[in-house]
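Worksheet: the structure to be examined is printed underneath.
Just so you know, these numbers use all the heavy atoms, side chains as well, and skip hydrogens, waters and symmetry mates. Counting starts at 1 for both ligands and their atoms, following the listed order.
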Amino acid sequence: MIDTHCHLNMPPLGDDPAGVLACAAEAGVTSVVVPAYDLASWEPVLALAGAHGGAHPALGRHPWVAFEEKSGEPHTCGSSSIKDHLARAIMQAPVPVVAIGEIGLDTKVGPEGPTLRQQQAVLEAQLALAADLELPVILHCRGAYEELLEALGRHGGKLQGVFHAYSRGIELAERVVAAGLHLGLGGAVTRPQARIHRILPRLPLDRIVLETDAPSIGLDGVPPEQTEPRHVRAIAEVIAAARGESLETIAEATTHNARALFNLPE
Ligand SMILES: [Zn+2]
């Protein structure tokens with residue numbers, strides 16, 4: 001199985017990535033996509049992926065840091081400089097970068113955070129680069145689904161990617177799928193009362209990928225800081241039970257989906 005969203009560079013996972021990956025492999029989770037989220041995380045994520053075969057890097061600028069400028073570079077109001085800078089980082093990366101992410105929109109950042117307009121400029125630059133490089137995107141979204149779908153729609157269905165940590169209802173799920181994107185299912189599905197748990201039987205299996213978002217999101221009974229990629233197995237088990245399918249069916253389909261989406265090796 002594949003954990004399509006894990007911050008393996010962050011503590012406590014980053015203290016012993018080899019151990020975390022070994023435990024994951026024992027549970028049948030053999031690959032992990034590691035999205036960077038700000039400038040400072042690009043290098044560590046690339047280094048991690050270079051040192052561990054099962055880790056695959058994604059590079060991007062998260063909406064929370066949409067106002068971040070490259071140090072030493074003159075202020076250019078964002079978008080074109082971000083596109084060039086990210087393009088250079090991807091081209092020069094010592095290992096293949098499998099996606100642009102995590103990127104997106106978040107209206108719940110509070111008054112200190114970047115405005116939606118700032119976030120949209122940074123998002124647009126990164127979506128344009130993803131289209132140019134034919135890379136999938138890893139999308140974070142809170143409170144701005146309409147704006148995000150609109151931004152994706154401007155690329156005319158050309159962009160592939162995943163709505164990560166999807167926890168909303170069936171109507172939005174259907175629109176995400178219709179837009180050609182995948183749904184990233186994680187710890188939220190393990191909470192029996194969660195809306196996402198109730199719609200699991202209705203989601204198209206060819207558009208689901210698994211993720212933990214470790215160490216940011218917990219499972220039912222597992223606090224976020226204890227979550228590891230090995231917990232993808234528990235997430236797959238819950239999905240299998242809810243759909244009346246076998247673990248093998250869920251594991252096979254989601255692994256196939258993730259490999260195809262991120263162009264991962266066998
Ligand atoms: Zn994340």
- request: Report yes or no: does Tyr37 contribute a side-chain atom to a donor-acceptor pair with the main-chain N or O of Ala40 at less than 3.5 Å?
  value: no
query: Ignoring hydrogens and geometry, is there a side-chain-to-backbone donor-acceptor pair from Gln126 to Arg61 under 3.5 Å?
result: yes
message: Donor-acceptor pair, distance only, cut-off 3.5 Å: does the side chain of His155 make one with the backbone of Leu152?
response: no
Throw together a table of side-chain donor-acceptor distances under 3.5 angstrom for residues 209-219, partners on residues two or more places apart or in other chains.
from, atom 1, to, atom 2, distance (Å)
Glu211, OE1, His164, ND1, 3.4
Glu211, OE1, Ala165, N, 3.2
Glu211, OE2, His164, ND1, 2.8
Glu211, OE2, Ala165, N, 3.1
Thr212, OG1, Asp3, OD2, 2.6
Thr212, OG1, Ala214, N, 3.1
Asp213, OD1, His5, NE2, 3.3
Asp213, OD1, His7, NE2, 3.2

query: Do any protein N, O or S atoms sit under 2.8 Å from the Zn ion (ligand 1), and which ones are they?
result: His5 NE2, His7 NE2, Glu102 OE2, Asp213 OD1
field: ILVMFWY cluster membership beyond Val109 - transitive side-chain contacts under 4.5 angstrom
entry: Trp64
message: Once side-chain hydrogen bond (donor to acceptor under 3.5 Å, both in side chains) is applied, what residue pairs with a partner in residues 174-194 remain, sequence neighbours excluded?
response: Glu146-Arg175
